[in-house]
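In listed order, ligands and their atoms are each counted from 1. The model shown is predicted, which means the values in this text are computed figures rather than measured ones.
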Amino acid sequence: MNPKWNGQFSCFDLVARSGDKASEQSRSIVRVRDIEIGGNDFVVMAGPCAVESETQLMQTAEAVAEAGARILRGGAYKPRSSPYAFQGLGVEGLKILRKAREATGLAIVTEVMSEEDVDLIAEYADIMQVGTRSMENYALLEALGGCGRPVLLKRGMTATLEDLLQSAQVIALAGNLQIILCERGIRTFETATRNTLDIAAVPVLKTVSHLPVIVDPSHAAGVRCLVPVLSRAAVVVGADGLIVEVHPTPEKAMSDGNQSLTFGEFERMMDDLQPYLDLQQEKLRPQLLATGGTH
Ligand code: PEP
Ligand code: MN
């Protein structure tokens, strides 16, 4: 490991890999039902930005499952920059998510914004999502320590990787080591994209931490035409999966329509990723043979 990184991150002892031994240390696998995140599989989470109606979510769940997603995303509680924007359906949205899980077998990831909602959302969600605006909400992070569910921790839009790992350490110290890190783009001076996807974050995080790392190309790009190419980049740099926004009619979406893929676009993207995934598998094969295991 680069000595700089070793010095910089080793204080987060529950989530960091330590020094020279880093390459030998095994990676953490987060298990969600029969899905392993951080193992050999590339796990795709997909769905609308927000749960808007039963029809919208059911149609999306079926389409993304058919295309190969394993986990359904959808916000019932939405952190919006504008107080006048759609704030989500709340408990009604959670109930719709549960129905979609029953209908399709997909696991559910949904955002929790407040420590007061942790118990309620844990009843419905398989993975608790912490959004970029909440990465430094320490009351929430501590409450997630005891929620009994894996946590998808998104990088704050102005957070360094050190800040991100610090927040992961807070959750871990509070008792929950089931953490997935997510690079979702950061604020820079660039205005052509909504955020700047810090693609180097993936290999850095995978070097300094044993936690799985996924990429959110949708919030990074802000426009749907960039989502497939950023997803390919995520595969190539060794991400463990993606979280992608998909909507039946993006032009009518109540939030983040510009960056949401149609069903057809998502299906095409999944097909187009396959050769890159096969290449990654091939690169992994000698390591798997050397360790004699599947992880
Ligand atoms: C989302 O996933 O819809 C979301 C609000 O993401 P972020 O917190 O990364 O902006
Ligand atoms: Mn969104």
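- Of all the heavy atoms in E183 and A201, the pair that sits closest is OE1-CB, 3.6 Å.
- The N, O or S atom of E245 lying closest to the Mn ion (ligand 2) is OE2.
- The shortest heavy-atom distance from C49 to ligand 1 is under 4.0 Å.
- Across R224, K78, R194, a single residue satisfies salt bridge (Lys or Arg N to Asp or Glu O under 4.0 Å) together with D256, and that is R194.
- Taking all atoms of both residues into account, the shortest heavy-atom contact from E142 to A174 is O-CB, 3.6 Å.
- Restricting H219 to its N/O/S atoms, the shortest distance to the Mn ion (ligand 2) is reached by NE2.
- The nearest protein atom to atom 2 (O) of ligand 1, hydrogens excluded, is given as R73 NH1, 2.7 Å; this is a heavy-atom distance.
- Inclusion of D216 in the set of residues having an N or O under 3.5 Å from an N or O of ligand 1 is not warranted.
- Here the protein heavy atom with the shortest distance to atom 8 (O) of ligand 1 is T132 N, 2.8 Å.
- Counting all heavy atoms, side chain and backbone alike, I108 lies closest to Y124 at CB-O, 4.2 Å.
- Of the protein's heavy atoms, R184 NH2, 2.8 Å lies nearest to atom 10 (O) of ligand 1.
- Using a 3.5 Å distance cut-off with no hydrogens or angles, the side chains of N258 and E251 do not pair a donor with an acceptor.
- Summary: OD2 is the N/O/S atom of D256 found nearest to the Mn ion (ligand 2).
- Taking the side chain as every heavy atom from C-beta outward, K154 and L164 never approach each other to under 4.5 Å.
- Here the heavy atom of the protein found nearest to atom 6 (O) of ligand 1 is K154 NZ, 2.9 Å.
- Across all their heavy atoms, H210 and S28 have their closest contact at ND1-OG, 2.6 Å.
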Assess the residue pair H247 and T262 against the criterion (side chain to side chain contact (heavy atoms under 4.5 Å, CB included)); give the C-alpha distance rounded to whole Å, side-chain angles, the decisive distance to 0.1 Å, and a yes or no. CA-CA 6 Å; H247 194 282; T262 62; over 6 Å; no
For V244 and M45: C-alpha separation, side-chain torsions, deciding distance, then whether side chain to side chain contact (heavy atoms under 4.5 Å, CB included) applies. CA-CA 6 Å; V244 182; M45 312 180 184; over 6 Å; no
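- Residue contacts with ligand 1, taken as heavy atom pairs separated by less than 4.0 Å, involve Q129 solely via side-chain atoms from C-beta onward.
- In this structure, K78 has a heavy atom closer than 4.0 Å to ligand 1.
- Ranking protein heavy atoms by distance to atom 4 (C) of ligand 1, first place goes to H219 NE2, 3.4 Å.
- If you number the atoms of ligand 1 from 1 as listed, the ones under 4.0 Å from a heavy atom of G131 come out as 8 (O).
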